[in-house]
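This report refers to the structure that appears directly beneath it.
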Amino acid sequence: MKDILNFNSKIPVSSLPNKWKDHKSTLKLVSPNNRSKIEIIVVGTGLAGASASTSLSELGYRVKAFCYQDSPRRAHSVAAQGGINASKNYKGDNDSVYKLFYDTIKGGDYRSREANVYRLAEISSNIIDQCVAQGVPFARDYAGYLETRSFGGTKVSRTFYAKGQTGQQLLLACYSSMSRQIKIGRVKMYNRHEMLDLVVVDGVAKGIIARNLISGEIERHAAHAIVIASGGYGNIFFLSTNAMGANASAIWKVHKKGGLFANPCYTQIHPTCIPVHGNYQSKLTLMSESLRNDGRIWVPNKLEDVIFIRNGSKKPKEINEENRDYYLERRYPSFGNLVPRDVASRAAKERCDKGFGIENNETKEGVFLDFSFSIEKYGKEKANELGIQEPSSLDKQKLGEEIMESKYGNLFHMYEKITNDNPYKTPMKIYPAVHYTMGGLWVDYNLMSSIPGCYIIGEANFSDHGANRLGASALMQGLADGYFILPYTIADYLSECITEKMSTKHIAFQLSEENVKNRIQKLIQNNGNMSVDFFHKKLGNIMWKYVGMSRNHVGLYKAIKAIQELRYEFWKNVFIPGNIDDGLNSELEKAGRVADFLELGELMAMDALKRNESCGSHFREEYKTKEGEALRDDVRYKHVSIWEHRKNHLISDEIMHKEDLNYTFIKVQPRSYK
Amino acid sequence: MKKLMKFKLKIWRQKNREERGNFKTYQVYNVSPDSSFLEMLDLLNNHIICQKKDSSTISFDHDCREGICGMCSLYINGRAHGPDNLITTCQLHMRHFHDGETIYVEPWRATPFPIIKDLIVDRSSFDRIIISGGYISVNTFGKTIDGNMIPIHKEQADKAFDAATCIGCGACVAACKNRSAMLFVSAKVSQFALLPQGKIERKKRVMNMIKKMDEEGFGSCTNTRACEVECPKGISTEHISFMNREYIQSFTAT
Ligand SMILES: Cc1cc2nc3c(=O)[nH]c(=O)nc-3n(C[C@H](O)[C@H](O)[C@H](O)COP(=O)(O)OP(=O)(O)OC[C@H]3O[C@@H](n4cnc5c(N)ncnc54)[C@H](O)[C@@H]3O)c2cc1C
Ligand code: SF4
Ligand code: FES
């Protein structure tokens, strides 16, 4: 029991601005000639995993990196659109480490760890420098300097970007640095491999069991330390902005081996996604939040106009100014369209619940994101610049469109391909969708989980975003963890095991392997009638309805029961075609992931039920202000909920522990964006 | 409610690299015109599972379904990523097809992309080209200079960005009669050669990457420009000319 209950967060005692510096000076080191004797497994090659693999390998460690795609370049980080934050104050708008730290803590509704967030803000500006050096083609102004834009929840312009493809450019930079290490031979890449279990020897992480997705073979891999960078678990909702393969399996397996799970219920719903069209849909597409810089969000304020819009007898343009409700600007004059995501999402839901949603389908959801104002404004400015006197509205439209194209071109293109509507001419239709999970495995300040030797980085851990993540801060966290934090902190642990020889012979490996094989056998031999997707969609429905944008006591109880029943049904009635030795089998891959989601979902609902307050993305209907805003309870819930799995027990038997959150540097205040 | 569509599909099935493949015919009904091509295949796979007739579902590669990861492929009616320009297969929607149409679906065909199963091919040759030199050799775990210390002309940065948008999908190779990978390789070469940070290693880089490309068995470029037409990211063949110049210059003394 000893190691499980040991969740000492190891936060250094120095004053906040000195914590990281002082901590680094106390960390133990591994001397360069010993590093090549040490092997590290990194699961995941997104921004977190690829940056960690590269930095560790450059230091001299030997790295084995795993991903389920055919190449590290396809990790889901590639899809990030809007940008990455850093406090550089290039724009002279009075930005600073403190301001970035403050915005992030406040944005997370005071449910993240102060020390971690401060460190993140401190490191942020190194990240940009690093990426520039690697050749990331960030946007530049005409003088050749780095360009920035604003994101929700802030009043400064600190988001660096590469059009709407920032994640792609950052990931490709990581991927190419990693490729350089592969060439040298220090990183060994295992593409199309999925981690299916963590091997724990005498309470310490010593390896993984992976499946080669092409041959179907089960492999054992041993290492001195394991780093999990497997991303978030938003796919549990079936419809989400995540990649189809995104899953919780790696972290869930660690959890079941003793890794504590923190804040599972915190799921961010992103306000600007393309609304659901029909039941054939496999995923939802995000339209970057950066669009809110240049778009105004509205719905008609008369119900009869809503009907006209839905049935197509009125175009959005035909609704006059006075008949529009710019509800974000109305409710939150100070931040307007740039309120944080949880606030913007709930406000959209509130309008649609009241019957003002504009989509013409069963859901009747959706609001407008209108760019005509910015197009007009930019067109006018450009015409001035070009010396065109009294430009016609056509001129302005054309010039304005060109500016929009240069800022968001690919997003507009993507929107048009999906919806068949041209967003330069008519407003986009948007609605909130599941996007990012702030919960994840619990880690200490060194990013180590409660299992010694097992580190968790990037979206897979819980530490930096609290109950809600501000835009452009996930990329920042992934790279900070991988490039600049883990390589220091992991040495502290590794310095103890330089002489240790690694082997996969230990009985723990054998047992783990048998478990994995049995489970696969069970899935394949299960001669049921329903597809994996059938169960995944059902689970998604339960999660969205009861553990989605808002939750309540009764609903959460229902969810727990419904998930338990569905899990039972899954194991009885799922059908996976093929034989065990067929090799590649996409249905089998999905089945394993959905089986894990079917357990995690229950824990998410349990966690949401225990948190009798509203904070960030966790909105409990019982706890709100008169105006319908989230009502936090700092006296009783200013803590991280940490769940412990008990071996051979049901999910419903998990035990909750608490890590109190202490704020020494800032005053905890009600979060207002009015 | 829009009218639902039906299609006849001729799909390439192949159990693994060694066994011979062949086309198999399928019918799919109740397809929404708003669904993507991959969602239509999901629907078909669901039928296959429920009917339990085939021993396996149709395997195809995909992940982000947002047109950015480069994982999806598919040769549809004789075109890489199907009958629309500037998009990947996951962004192709069924409204581009006629109700009742017969659609041919094949994997990328190119020797350096061997078939793994059905519609899935092995594109690791692309990774090996990048490994041979597609990077700037800066260490990630140290201190670099401030980003604004390297000012870059906006137009230059934009050009580098345009080249950098390649998603490594391989459509250019699949579309080329010579199976040339020039578009893919030139995009990376351009991106770095256009930036001040990348200039120092430019000769070594282009030499290594071209050497690797040849070793992997990709064909040569005869300026047919089919690659440009099918590239979902609109990468221009100008980069190929640029790379050729870089390559020639790499032989001259420094
Ligand atoms: C559409 C979209 C847009 C976004 N835009 C922004 C933005 O503008 N700014 C911002 O800051 N953030 C953004 N985010 C969030 C951000 O992209 C992610 O949080 C971040 O990239 C996660 O990085 P990661 O390295 O932790 O994980 P990922 O990039 O998700 O990588 C996960 C890796 O783990 C591997 N993996 C997973 N499970 C296993 C397993 N069992 N075995 C082996 N390998 C496994 C995968 O193969 C992959 O390599 C966006 C997210 C989405 C979905
Ligand atoms: S050049 Fe175009 S077609 Fe070729 S791999 Fe890159 S994105 Fe795909
Ligand atoms: S699935 Fe990612 S590009 Fe098509």
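Here the structure is a predicted model, which means the values were calculated and not measured.
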A:Lys183 side chain vs B:Ser132 backbone, donor-acceptor pair below 3.5 Å: yes
Interface moiety of A:Ile214 toward chain B, non-hydrogen atoms closer than 4.5 Å: side chain
Between A:Asp129 and B:Thr144, is any side-chain donor less than 3.5 angstrom from a side-chain acceptor? no
Going by side chain to side chain donor-acceptor pair (under 3.5 Å), name the residues that satisfy it together with A:Gln169, two or more places apart in sequence or in a different chain. none
Can you tell me if A:Ser282 and B:Arg65 form a side-chain donor-acceptor pair at under 3.5 Å? yes
Contact origin within A:Leu59 toward chain B - heavy atom pairs under 4.5 Å: side chain
If the threshold is 4.0 Å, N to carboxylate O, is there a salt bridge linking A:Lys88 and B:Asp146? yes
With no hydrogens and no angle check, just 3.5 Å: does a side-chain donor-acceptor pair link B:Thr140 and A:Ser55? yes
Where on A:Tyr488 is there a heavy atom nearer than 4.5 Å to chain B: the side chain, the backbone, both, or neither? both
What distance separates A:Gln69 CD from B:Cys64 SG, expressed to the nearest 0.5 Å? 10.0 Å
At a 4.5 Å cut-off on heavy atoms, which part of A:Ile274 comes close to chain B: side chain, backbone, both, or neither? neither
Does a side chain donor of either B:Lys52 or A:Asn527 reach within less than 3.5 Å of an acceptor in the other side chain? yes
Looking at A:Arg140 and B:Ala157, would you say the former's side chain and the latter's main chain have a donor-acceptor pair under 3.5 Å? no
Checking A:Asn420 against chain B: side chain, backbone, both or neither under 4.5 Å from a heavy atom? both
So that I can tick it off, tell me whether A:Asp582 and B:Lys117 are bridged by a salt bridge, with the cut-off set at under 4.0 angstrom between side-chain N and carboxylate O. no
Do B:Asp42 and A:Tyr280 meet the criterion of a side-chain donor-acceptor pair at a distance under 3.5 Å? no
Select, from B:Ser59, B:Ala160, B:Ser35, the one with the greatest count of heavy-atom pairs under 4.5 Å involving chain A. B:Ser35
Cation-pi geometry met for A:Lys163 and B:Phe161 (6.0 Å, 45°): no
Is it true that A:Lys283 and B:Glu66 make a salt bridge, defined as a side-chain N closer than 4.0 Å to a carboxylate O? yes
For the backbone of B:Ala164 and the side chain of A:Gln165, can you confirm whether one donor and one acceptor N or O come within less than 3.5 Å of each other? no
Residue A:Asp70 versus chain B: region with a heavy atom under 4.5 Å: both
Minimum side-chain heavy-atom gap B:Gln191-A:Pro137 below 4.5 Å: yes
Under 4.5 Å heavy-atom distance to chain B, tell me which part of A:Ser586 shows up: side chain, backbone, both or neither. side chain
Least distance between heavy atoms, A:Ala243 atom then B:Asp63 atom: CB-OD1, 3.4 Å
Among residues 194-201 of chain B, residues within the sub-4.5 Å heavy-atom range of chain A, in order of number, are B:Leu195, B:Gln197
